[in-house]
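So the structure is just underneath, and the comments pick up after that.
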Number of protein chains: 2
Amino acid sequence: MRGLPDLESLRLLVDVGELGSLGRAAKAAGIAQPSASKRVAQLERRLGVPLLERTPRGSTLTTEGKMVAGWAAQVLAAAEELMRAVAAVRHAGRAHLRVAASMTVAEYLVPRWLGELQHREPDVQVGLDVVNSADVAARVLGGDVELGFVEGPSVPEGLASRVVGTDRLVVVVAPGHPWARRRTALRGAELAATPLVVREPGSGTRETLELAFSGLHRAGPRLELGSNSAVKGAAQAGAAPAVLSAYAVEAEVAAGRLVEVPLAGLDLGRRLCAVWRRGRSLTAPAATLLSVATQR
Amino acid sequence: MRGLPDLESLRLLVDVGELGSLGRAAKAAGIAQPSASKRVAQLERRLGVPLLERTPRGSTLTTEGKMVAGWAAQVLAAAEELMRAVAAVRHAGRAHLRVAASMTVAEYLVPRWLGELQHREPDVQVGLDVVNSADVAARVLGGDVELGFVEGPSVPEGLASRVVGTDRLVVVVAPGHPWARRRTALRGAELAATPLVVREPGSGTRETLELAFSGLHRAGPRLELGSNSAVKGAAQAGAAPAVLSAYAVEAEVAAGRLVEVPLAGLDLGRRLCAVWRRGRSLTAPAATLLSVATQR
DNA sequence: CTAGGTTACGGCTAACGTAAGGATG
DNA sequence: CATCCTTACGTTAGCCGTAACCTAG
């Protein structure tokens, strides 16, 4: 099993499952039927598993095919979220509905919302600016964007807000780190006195951490890095414990590449809030997006 | 924005972000540096967004690049789960650790577990059989597989078991269906008297539904279909309300393509259980998998 | 005969590697 | 001048569409 599969072939497989024949799936993909046949055959070779039961009256998925189609649908859903989010970033300036979001919200929440919004309001083009929390507030107040999404702890002045979710910072270490097998919760004072891998000053993650550490005796950071993935990489390499958003490390923790250390006596929760100009009524698409965001 | 991006290019982008230069990312991918340069450039053209800040001392991700890399990492994680799961299906027979799982568990839970198991026990090859719940029990009792995973409601005789998660059946309709705007919860009797789109008899989903309907006056099914995706397709087309696992419709509900109808007075929850031969001790890899599965 | 499938073949796109050219500390 | 990136170029591999053939109801 070398290379990763290509998404077009996975889409083709899913379509065959739903439409019942290679020919119809080919039409849906805008290619000729023999091309679709060959692509699926190649996918079967590459995965080493038979996927279709072919008959002169159509094709149905084998048991393995149903499984693969199910897993493929999840890959495709993630890919489509990516494409929608990229489209929103590209249209940042000239869109019908302009919003700004901080990194964490933009990365983990916004793509989902866009999917549902697009379904409810198919014609609305969303433009997305990704900036830090302070800039989100500035753009909303300045009227550059209609709606903003920020991560706590503080909600800026002069803005109406609604909580749309909660996040918390977590301490993670490489699986080989002594703390990975800890059974007793880590105390805040102990964490503060340990050199850590953290995000750069000014990021929402760092600010939440600084606030929680205030008043504690503390060690300087071991490493300051400018992106979540860089911090994760350093933690996995065993450099030191890292502090990051629970969203950001979800996948690594699920896969066992990082281990979350239980923590006590330190509040690292933070609200994720939608904000808009106080007293100004929202346009219809903005109200829809807000309602979508609030429901999840 | 036509076609979907290809996964190799996304991997390349993520690697550039983590490794700091196109050259190192190229080496990681096993291709020449100019090829990597061209691929990323093509990705930028295709997405219509600048992704890299190129300098003579390396390349760093732009703000948009960091976003895209974050979203790409999620797509890649899903793709890798798919590949691991396919490998397990392919090795069904001749693996070190052989397990059997029913559809729902195999589709939504097993890929995650495999990721973590592979991390904890890198050398273990897992073989996965996907069969219905009754067959899972038979294979465990017959010694064909060491561990099984079934969806309730009944736990087979003669097997030790442990609950590894919970699922529930949900009622979903197309967004245009009258029930989509319902505010009051649906009563069990009303649901039973409505023609539905359901899975075929013998599937775990169908059995749970039949059990819940027992004693109620009921209408026949509107459609019986052999796969979750077929049922979802019919529901989206507006054929009738459908009843499916919450896991199965998660993505569609999040994207607004299906709407969940609130339900009262009918217990459609079901436990997902690991099962093994009573009195037989588990091998080390099986025990590890069980512990991984139990923790999530 | 129709509706579905595969095989065969020629054309073209696209990805690769090597080699050469340009910028920046 | 060392490093990293890009452009140029020739080769190769893979995908596509058309056409021909096969099979079952």
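Quick note on labels: first sequence line is chain A, next is B, and so on, each numbered from 1. Computed from a predicted structure; not experimentally measured.
The interatomic distance linking I31(B) (CD1) with dT18(C) (C1') rounds to 14 Å, in whole Å. What separates CG of L22(B) from C1' of dG22(C) is a distance of 16 Å, to the nearest Å. Atom pair Q42(A):CD and dT7(C):C1' shows a separation of 16 Å (rounding to whole Å applied). We find that CG of L19(A) is positioned 11 Å from P of dG5(C), with the value rounded to whole Å. Rounded to whole angstrom, the span from the CZ atom of R54(A) across to the C1' atom of dT6(C) amounts to 9 Å.
The side chain of S59(A) places an N or O atom within less than 4.0 Å of a non-bridging phosphate oxygen (OP1 or OP2) of dG5(C). OP1 or OP2 of dA14(C) has not a single side-chain nitrogen or oxygen of R39(B) nearer than 4.0 Å.
Bracketed by its first and final contacts, the part of DNA chain D lying under 4.0 Å from non-hydrogen atoms of chain A reaches from dC15(D) to dG25(D) in 5' to 3' order.
One finds the CD atom of E18(A) at 10.5 Å from the CG atom of L13(A) (value rounded to the nearest 0.5 Å).
More than 12 heavy atoms of other residues, nucleotides or ligands lie within 6.0 Å of CZ in R54(B), so this atom counts as buried by the packing criterion. Counting heavy-atom neighbours within 6.0 Å of E200(A) CD, excluding the residue itself, gives a total above 12.
Checked by atom type and distance alone, the side chain of S59(A) never pairs as donor or acceptor with a backbone atom of S21(A) at under 3.5 Å.
Side-chain contact check for M103(A) versus N132(A): every heavy-atom pair is 4.5 Å or farther apart.
S35(B) comes within contact range of at least one nucleobase, with a heavy-atom separation under 4.0 Å. Looking at heavy-atom distances under 4.0 Å, Q33(B) makes contact with a base.
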From CA spacing to verdict: side-chain contact (heavy atoms from CB on, under 4.5 Å), R39(A), L43(A): CA-CA 6 Å; R39(A) 275 193 94 120; L43(A) 184 63; over 6 Å; no

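For the pair P34(B) and K38(A), nearest-nucleotide mapping onto DNA chain D gives the more 5' position to P34(B).
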